[in-house]
There are 2 protein chains.
Amino acid sequence: MKSNSQLSLALHLLLHMADMEEPVTSGLLASAMNTNPVVIRRLMGGLREHGIVQSRKGHHGGWTLSRPLAELTLRDVYLALGGGPLLSLTHRTQNPDCLIEQAVNETLDGAFRDAEALLLARFADLSLAALQSRIHAAIHSPAHLCA
Amino acid sequence: MKSNSQLSLALHLLLHMADMEEPVTSGLLASAMNTNPVVIRRLMGGLREHGIVQSRKGHHGGWTLSRPLAELTLRDVYLALGGGPLLSLTHRTQNPDCLIEQAVNETLDGAFRDAEALLLARFADLSLAALQSRIHAAIHSPAHLCA
DNA sequence: ATTTCATGTAACTTTTATAGTTACATGAAA
DNA sequence: TTTCATGTAACTATAAAAGTTACATGAAAT
C-alpha cells in the first residue's frame, strides 16, 4: 500500500495558518513543510473549493482561513480533500463471478464499512479548535514550531 | 495508495481448498485466480509458517489445510500474512520537531487506533466456517465457482 | 502602463509498494 | 532416474502519491 499523507499535511497547514494575521504564500508554507509550492497549491485548491480557505493573487496575496477553527472538523477536511479510501485493504476482483469470492468481498465489506464509519465519526467529533487547544496546553511560546 | 489484496486472495484460496480432498498445486490455484504460481507460493508460504496450511513436494504434492475452517478466523489469516497496515492514511513526518505536527500525529493516531481495533475485533469474530456457510446458504451446487 | 508577485494548472519525473515473471535449486514420488 | 511440485532469489511491470518544471492568469505596487 502506498499511503496518503494529505490529511496530515492539511491539518498541519491549517493550524499554522490560524496563527497568522496576514495571508501566507504557498512558497512560505512549502518551505516550512519541506516541499514544493505546487504541492501546497494543489492541496489548498481542494480546500478552497469547499469553503475552508481563500486565496488572493498578486502582492500581499496568499492563503487565509475562511472560517474559525471551531467550525471545522477533521471530517470536513478529509472530505474536502476528496474523501479517498481510508483502508488499505481491497478486493482482488471487483465484481467476481465466483460465488466464493463474492462472499469474501461481502464479508470484508461489512467489516470495512464499520471501521470506516467509526473513523469518520471520530473525525467529525474532532474540531481543529480542539486540536489547537491541545497544542496550546502543551506550550505557551511560539518555540518548537516549523521554520 | 496502491492497495493490498492479499487478505482477499488468501480467503478466496482457503475457501476453495476446503472443498478439495487432495492437495492442490500452486499452478492449479494460480490459473483459477488468474495469476502466477509464484504469487500463490509466496502467499501460502506465509500461511504455512503460521500453521494454517501444509505443503508437500513432488508427485501428488501441493497445498492442504492443516486445521478445520471453524478454527480459523479472518484475524488469524490477516496476522499470518504479516499484519501489515490496515489504514491508508499516514503521517507526513514520523517524528516531527514541530509541536503542531506532533499534536496532529497524536490526534490522528488516537482515531486510527480505535478504527483498527474495531476492524481486528470484527476479523476475530469471523471464522472461515461462518464464511463458508454463508456461501452454502446461497448455493447448493458447485456451479458459479472459479475455473 | 509596466513591472513584480502570487496563484492556477498542465505535463512530466521521481519514488515506492504491490503484483507478476523468469530462472533455477530442492526434494519427493513414480 | 525421470517427473512433478515446492522454495526462493532476482528481475520487470504497474500504479499511486509526491515532487518538479514551465508557463498562463490576474492583482497590486511603482
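Naming: A, B, ... by sequence-line order, numbering from 1 per chain.
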Can you identify which nucleotide, out of [options], has its nearest atom closest to the [X] side chain?
X: A:N36; options: D:dG7, C:dT22, D:dT20; answer: D:dT20
X: B:V39; options: C:dG20, D:dT20, D:dA9; answer: C:dG20
X: A:R42; options: D:dT20, C:dT21, D:dT6; answer: D:dT20

Salt bridge present between A:R92 and A:E101 (N-O < 4.0 angstrom)
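So A:R92 does not pair with A:E101 through a salt bridge.
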Could you give the [atom1]-to-[atom2] distance, from [X] to [N], as a whole number of Å?
X: A:M44; N: C:dT9; atom1: CE; atom2: C1'; result: 17 Å
X: A:E49; N: C:dG8; atom1: CD; atom2: C1'; result: 11 Å
X: B:L47; N: D:dT6; atom1: CG; atom2: C1'; result: 15 Å
X: A:L13; N: D:dA18; atom1: CG; atom2: C1'; result: 14 Å
X: B:H91; N: D:dA18; atom1: NE2; atom2: P; result: 14 Å
X: A:N4; N: C:dT18; atom1: CG; atom2: P; result: 15 Å
X: A:L29; N: C:dA6; atom1: CG; atom2: P; result: 12 Å
X: B:Q54; N: D:dA5; atom1: CD; atom2: C1'; result: 16 Å

Checking [X] side chain against [Y] main chain: does a donor-acceptor pair fall under 3.5 Å?
X: B:Q102; Y: B:P96; answer: yes
X: A:N105; Y: A:N95; answer: no
X: A:N36; Y: A:S31; answer: no

Whether [X] contacts [N] is assessed here as follows: a side-chain N or O lying under 4.0 Å from the phosphate OP1 or OP2. Is that the case?
X: B:R41; N: D:dG7; result: no
X: B:S26; N: D:dT6; result: yes
X: B:S55; N: D:dT6; result: no
X: B:R92; N: D:dG19; result: yes

Test A:L69 against A:S127 for side chain to side chain contact (heavy atoms under 4.5 Å, CB included), laying out the working first.
CA-CA 7 Å; A:L69 294 189; A:S127 75; over 6 Å; no
Listed partners of A:D125 passing salt bridge (Lys or Arg N to Asp or Glu O under 4.0 Å), at least two apart:
none
Please list, pair by pair, any protein nitrogen or oxygen found under 3.5 Å from a nitrogen or oxygen in nucleotides 1-4 of chain D.
| unit_1 | atom_1 | unit_2 | atom_2 | d |
| --- | --- | --- | --- | --- |
| D:dT3 | O2 | B:H59 | ND1 | 3.3 |
| D:dC4 | O4' | B:H59 | NE2 | 3.4 |

Roughly what angle, to 10°, lies between the helix axis at the start of the helix from C:dA1-D:dT30 to C:dA30-D:dT1 and the one at its end, five pairs per end?
10°
Does the side chain of [X] reach to within under 4.5 Å of the side chain of [Y], using non-hydrogen atoms?
X: A:L89; Y: B:L86; result: yes
X: A:H50; Y: A:L79; result: no
X: A:C98; Y: B:H16; result: yes

Using a heavy-atom cut-off of 4.0 Å across all strands, would you classify A:R56 as base, sugar-phosphate, or nothing?
sugar-phosphate
Establish whether the base of D:dG7 is bridged to the side chain of B:R48 by a donor-acceptor pair shorter than 3.5 Å.
no
Give a yes or no on whether B:L87 and B:L118 share a hydrophobic cluster (residues Ile, Leu, Val, Met, Phe, Trp, Tyr; joining criterion: side-chain heavy atoms under 4.5 Å apart).
no
